[in-house]
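Right, one structure below, let's go through it.
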Amino acid sequence: MSGSLLQIDMVVVFFIYGLAFFSMGIALTIESTRSPLLAERRIIRPLAIFGLLHGMHEWFEIILLQGVWLGMPFPAEVSWARSSLLAISFVPLIIFGLLMLFPQNSQRMTIGIIGLVLIVYTSLVIINMQIDPDNIFGRADAFS
């Protein structure tokens with residue numbers, strides 16, 4: 001009985017966690033359309049995108065957990081999709097952080113910094129995945 005309660009608790013936690021991020025994304029999207037300052041709008045949008053993507057990842061995680069509990073194996077492509085969605089969801093968060101660090105820089109310099117950070121991030125993810133190919137999804141989750 002305690003195993004099923006733990007499973008229900010995990011579903012509730014992932015659902016609320018996903019709902020919090022998704023709601024934040026929707027709220028920031030609405031707010032970015034009302035923002036009078038273009039600079040604020042430019043900074044808020046990546047955070048809104050992060051919230052939407054990360055919330056969807058958490059809900060995707062619920063579906064996968066329920067499949068595992070029911071003994072329904074998923075193909076490797078589903079695990080790739082989940083890990084990719086997790087990694088991709090953090091890209092707008094990185095962009096948001098860089099825009100907050102360098103709010104006064106020109107758009108061209110900001111794009112260059114963001115591009116450099118994304119190249120380094122992607123390279124580290126790929127290198128990390130090559131270290132232990134047998135545990136590729138666990139390592140990708142941990143790194144993300």
Side-chain angles (χ1 to χ4, degrees), residues 3-70 72-133 135-144:
S4 65
L5 286 177
L6 177 64
Q7 292 171 347
I8 292 170
D9 290 346
M10 287 180 66
V11 169
V12 170
V13 167
F14 277 116
F15 176 75
I16 292 173
Y17 190 55
L19 185 61
F21 277 109
F22 197 79
S23 299
M24 177 191 76
I26 290 174
L28 288 174
T29 300
I30 293 169
E31 190 61 32
S32 72
T33 62
R34 298 176 1 143
S35 177
L37 296 175
L38 185 60
E40 288 178 6
R41 184 177 305 160
R42 184 176 67 106
I43 291 174
I44 289 176
R45 281 193 179 145
L47 188 59
I49 293 168
F50 162 74
L52 294 170
L53 290 175
H54 200 68
M56 286 188 288
H57 168 264
E58 297 305 323
W59 291 335
F60 191 39
E61 192 76 37
I62 291 172
I63 294 168
L64 294 178
L65 283 174
Q66 290 176 355
V68 168
W69 295 331
L70 294 174
M72 297 174 55
F74 288 99
E77 292 81 12
V78 175
S79 293
W80 276 104
R82 184 189 56 78
S83 295
S84 298
L85 183 59
L86 178 63
I88 289 169
S89 74
F90 287 117
V91 170
L93 187 62
I94 292 169
I95 293 170
F96 169 74
L98 289 171
L99 290 174
M100 289 300 291
L101 283 174
F102 307 108
Q104 302 301 325
N105 286 349
S106 70
Q107 188 173 7
R108 186 174 177 187
M109 183 176 176
T110 304
I111 290 171
I113 292 171
I114 289 170
L116 180 64
V117 168
L118 293 179
I119 289 169
V120 169
Y121 175 72
T122 305
S123 300
L124 289 174
V125 168
I126 291 169
I127 291 168
N128 189 35
M129 291 166 70
Q130 299 300 322
I131 291 174
D132 186 10
N135 191 17
I136 195 166
F137 299 116
R139 295 186 63 78
D141 275 349
F143 185 77
S144 292

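All residue numbers in this chain count up from 1 along the given sequence.
Considering only residues two or more places apart in sequence or on other chains, Ile94 meets the side chain to side chain contact (heavy atoms under 4.5 Å, CB included) condition with Leu98, Val117, Tyr121. For Val11, the side chain to side chain contact (heavy atoms under 4.5 Å, CB included) criterion is met by Ile62, Gln66, Trp69, not counting sequence neighbours.
You'll find the side chain of Pro46 reaches within 4.5 Å of the side chain of Leu99, heavy atoms only. Side-chain contact between Phe14 and Trp59 is absent, with no heavy-atom pair separated by less than 4.5 Å. Side-chain contact between Phe50 and Phe90 is present, with heavy atoms from C-beta onward closer than 4.5 Å. With contacts defined as side-chain heavy-atom distances shorter than 4.5 Å, the pair Leu52/Thr29 qualifies.
Interatomic distance, Met56 CE to Leu85 CG, rounded to the nearest 0.5 Å: 6.5 Å. Taking NE2 from His57 and OG from Ser84, the interatomic distance works out to 10.0 Å, rounded to the nearest 0.5 Å. Taking CD1 of Ile43 as the reference point, atom OG of Ser32 lies at 12.5 Å (rounded to 0.5 Å).
Applying the side-chain hydrogen bond (donor to acceptor under 3.5 Å, both in side chains) test to pairs two or more places apart or on separate chains, those with a residue in residues 46-56 are His54-Glu58, His54-Ser89.
Among all heavy-atom pairs drawn from Arg82 and Glu61, the shortest one is CD-OE1, 3.1 Å.
With Leu53 as the partner, the side-chain contact (heavy atoms from CB on, under 4.5 Å) test is satisfied by one option alone out of Ile88, Leu86, Leu93: Ile88.
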Would you give me the side-chain donor-acceptor pairs under 3.5 Å for residues 18-26, sequence neighbours excluded?
unit_1 : atom_1 : unit_2 : atom_2 : d
Ser23  : OG     : Leu19  : O      : 2.7

